[in-house]
Amino acid sequence: MANFYPEHLIEEIKQANDIVEVLGEFLQLKKRGANYLALCPFHNEKTPSFSVSPSKQIYHCFGCGKGGNVYTFLMEHENLSFVEAVQYLAKRAGIQLPKKEIAPEERSRYEHLYFANQVARNFFIKQLWETEDGKKVLKYLKEARGLSEDTINHFELGFAPDAWDKLLNHARTLKLSEEDLVKAGLVVEREDGSGHYDRFRRRLIFPILNFTGKPIAFGGRALSREDKAKYINSPETDLYNKSKVLYGLNFSRPHIRKLEYAILVEGYMDLLALWQGGFQNVVASSGTAFTSDHARLISRYAPTAIMLFDSDDAGIMAAKRCAPHLMAAELDFKVVLLPEGEDPDSYLRNNGSEKLREMIENALSFPEFIYNTLGPSFEKLSSREKENVLMELVNVAAQSDSSIRRELFLKESAAIFDIDLNSLKNELARLMQKGRGPAREEVKQTAPAALQRIQLQILAVLIENMNLLEKALLELSEDDFSDPVIKGIYNKMLLLRSKNPSMDVSYLLNHISDPEQSKIISQASNMELGTRDTERLFSDFARRLKALNLEGRRKTLISRIASAEKAGDLRRAEELTAELKELTEKSSAEEEA
Ligand SMILES: [Zn+2]
């Protein structure tokens with residue numbers, strides 16, 4: 001796995017990239033004791049169980065068990081191959097790598113899809129800047145929408161020409177297969193099966209980039225009113241999971257973290273306008289339905305989200321749709337209510353950044369927002385209408401797992417709508433009883449049997465003090481490990497140690513390609529051992545493991561004797577009894593030793 005670049009270089013690059021700093025670019029890490037904690041990016045959770053150890057330079061999630069070092073993280077989180085992860089971190093640390101052609105088997109599983117997307121992105125960009133039709137679009141972007149060339153370049157905007165096969169033909173000249181283009185969502189199969197056609201035609205193209213800057217999908221915005229769909233997006237592919245991606249987040253996450261809040265807009269254009277206007281902590285839900293996954297994505301970087309939508313009914317509806325999800329992710333959230341007829345882009349152009357900043361600073365709480373967007377005043381509504389309005393708020397409150405948050409939210413609602421808090425609380429209780437309230441996500445954890453646990457503990461001690469491997473060679477045999485994964489790790493450790501006596505856990509992880517094994521290693525290396533006397537601990541554990549193994553064998557023998565007797569095979573029963581006797585003597589002899 002690690003032999004593409006020289007070993008020492010891989011180590012050097014790893015050491016130049018502190019795991020806390022690298023993961024900190026993707027996660028909101030909080031210091032807890034000697035370690036850092038974050039919400040796990042690999043499973044849904046509200047209480048952080050993802051731990052990063054600066055001293056060991058590894059991470060581990062106590063919820064889902066994922067773990068590893070900086071390389072593993074990038075491979076898992078960004079779908080990179082090992083070689084690509086090395087290249088990414090080398091670049092990050094300013095370390096020169098020897099120039100090498102990457103062999104096909106070193107490319108990531110999705111390399112062909114990335115390649116297809118890169119070809120498409122470059123094609124769209126060229127179409128925008130170098131064709132007659134493209135230049136018209138460019139002119140529109142600059143003059144009508146006020147975008148600078150910097151912004152257009154930064155977001156790598158492109159243009160899909162008004163043709164059925166321009167991208168397809170271009171891709172063919174680069175030997176891209178139609179199969180890959182279909183898998184990347186760039187072309188669509190004709191209904192009569194006679195071939196394919198370009199998905200994006202006569203559209204402004206917004207590449208959707210992952211955190212390492214590679215295009216994983218595209219958003220296409222209509223350029224004329226004749227086009228029925230305002231937005232066309234790439235379909236979900238192996239690279240693109242709509243619920244896990246927010247447009248612009250690859251650029252805005254450091255700003256979101258720094259300012260401790262995210263501005264949530266709907267459209268690509270809104271995002272670009274805000275970015276250019278100096279609001280760089282912005283993300284857009286463009287072209288996809290906003291989900292709790294999106295809200296959780298924001299919550300990884302900041303505790304607060306501010307919704308900035310159009311002032312029309314559609315914008316108000318959008319805010320109402322987002323609110324329960326933001327609450328479910330335990331985000332604080334507010335809404336900017338723009339003056340009638342304005343959208344974020346137009347407001348910014350008409351009023352300037354300072355005015356918008358004021359609007360954002362004075363954003364409304366969600367109950368205030370609801371109160372202010374009611375057509376007639378709340379007092380003039382019928383009882384039924386009032387009930388609907390209030391139940392909407394109760395439903396939002398119900399999404400939080402925190403009873404304090406729910407109460408605070410209802411308290412504010414009660415004050416704004418001048419209604420008794422208790423009646424809201426009663427409705428909340430009723431709603432939550434019906435089970436429409438928060439559904440807690442529980443991570444299944446099967447309790448490891450004693451035998452499983454002791455093997456893991458031995459591994460933990462060996463990882464903590466690798467010098468004990470010599471002792472293990474004398475006191476244990478590989479057959480003592482009944483768990484195939486742990487046995488595999490144990491053998492690997494012995495092998496690696498013979499090559500590199502100063503091996504540490506991060507080095508070990510670099511040489512593990514089986515994800516099951518790296519998971520167990522990170523789990524073991526995060527176990528509390530409770531003492532520094534690892535040598536004594538190892539001996540205790542080794543003795544217990546042997547005792548448990550003996551006990552297991554004894555139980556098997558006893559049940560086999562019973563079935564032999566039942567079957568009337570007395571000779572067999574006698575043989576087995578002799579075996580049992582021998583085993584029992586052996587175990588008591590060992591106990592005395
Ligand atoms: Zn996890």
Side-chain angles (χ1 to χ4, degrees), residues 18-80 82 85 210-212 238-239 241-246 249 253 257 291-303 325 328-331 401-402 438-448 452-453 456 459-460 463 485-486 489 505-506 508-509 512-528:
D18 181 64
I19 194 163
V20 175
E21 282 174 27
V22 174
L23 270 59
E25 288 167 14
F26 299 89
L27 311 167
Q28 201 184 2
L29 295 170
K30 292 211 177 95
K31 196 149 173 39
R32 285 291 143 77
N35 293 337
Y36 289 80
L37 270 184
L39 290 172
C40 178
F42 302 115
H43 83 279
N44 288 337
E45 62 176 5
K46 291 185 174 183
T47 316
S49 52
F50 185 89
S51 164
V52 182
S53 160
S55 60
K56 292 178 185 151
Q57 289 289 305
I58 56 172
Y59 65 91
H60 176 71
C61 173
F62 294 95
C64 66
K66 287 254 161 85
N69 61 17
V70 264
Y71 291 130
T72 343
F73 181 84
L74 290 169
M75 289 162 74
E76 287 248 6
H77 195 262
E78 294 298 300
N79 274 330
L80 302 183
F82 180 71
N210 70 6
F211 287 172
T212 51
D238 284 343
L239 298 181
N241 178 346
K242 289 188 184 190
S243 65
K244 297 277 154 84
V245 177
L246 279 169
L249 188 59
R253 68 206 157 96
R257 180 168 316 112
T291 65
S292 296
D293 280 333
H294 290 129
R296 274 187 220 108
L297 202 52
I298 295 175
S299 75
R300 282 206 231 144
Y301 301 100
H325 298 300
E330 309 296 350
L331 281 160
D401 272 358
S402 152
R440 282 163 199 280
E441 287 154 37
E442 278 166 26
V443 181
K444 276 184 206 140
Q445 273 176 321
T446 45
Q452 177 69 29
R453 173 137 193 98
L456 199 59
L459 187 63
I463 286 173
V485 180
I486 295 181
I489 297 169
V505 60
S506 188
L508 171 64
L509 281 165
I512 297 285
S513 50
D514 177 355
E516 258 323 286
Q517 290 190 349
S518 42
K519 197 166 144 180
I520 294 291
I521 290 171
S522 82
Q523 191 185 348
S525 54
N526 278 282
M527 282 173 75
E528 252 339 301

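Both counts, for ligands and for their atoms, begin at 1 and track the order of listing.
- Y59 has its ring centre no less than 6.0 Å from the ring centre of Y36.
- Distances shorter than 2.8 Å separate the Zn ion (ligand 1) from the protein N/O/S atoms C40 SG, H43 ND1, C61 SG, C64 SG.
- Contacts classified as salt bridge (Lys or Arg N to Asp or Glu O under 4.0 Å) and involving residues 49-62 (residues at least two apart or in different chains) are not found.
- When the salt bridge (charged side-chain N to carboxylate O under 4.0 Å, His left out) test is applied to E21, the partners found at least two apart in sequence or on another chain are R92.
- Shown here are the side-chain hydrogen bond (donor to acceptor under 3.5 Å, both in side chains) partners of S525, two or more places apart in sequence or in another chain: there are none.
- Neither side chain, D293 nor T291, offers a donor N or O lying under 3.5 Å from an acceptor on the other.
- In terms of heavy atoms, T212 sits closest to E78 at N-OE1, 3.6 Å.
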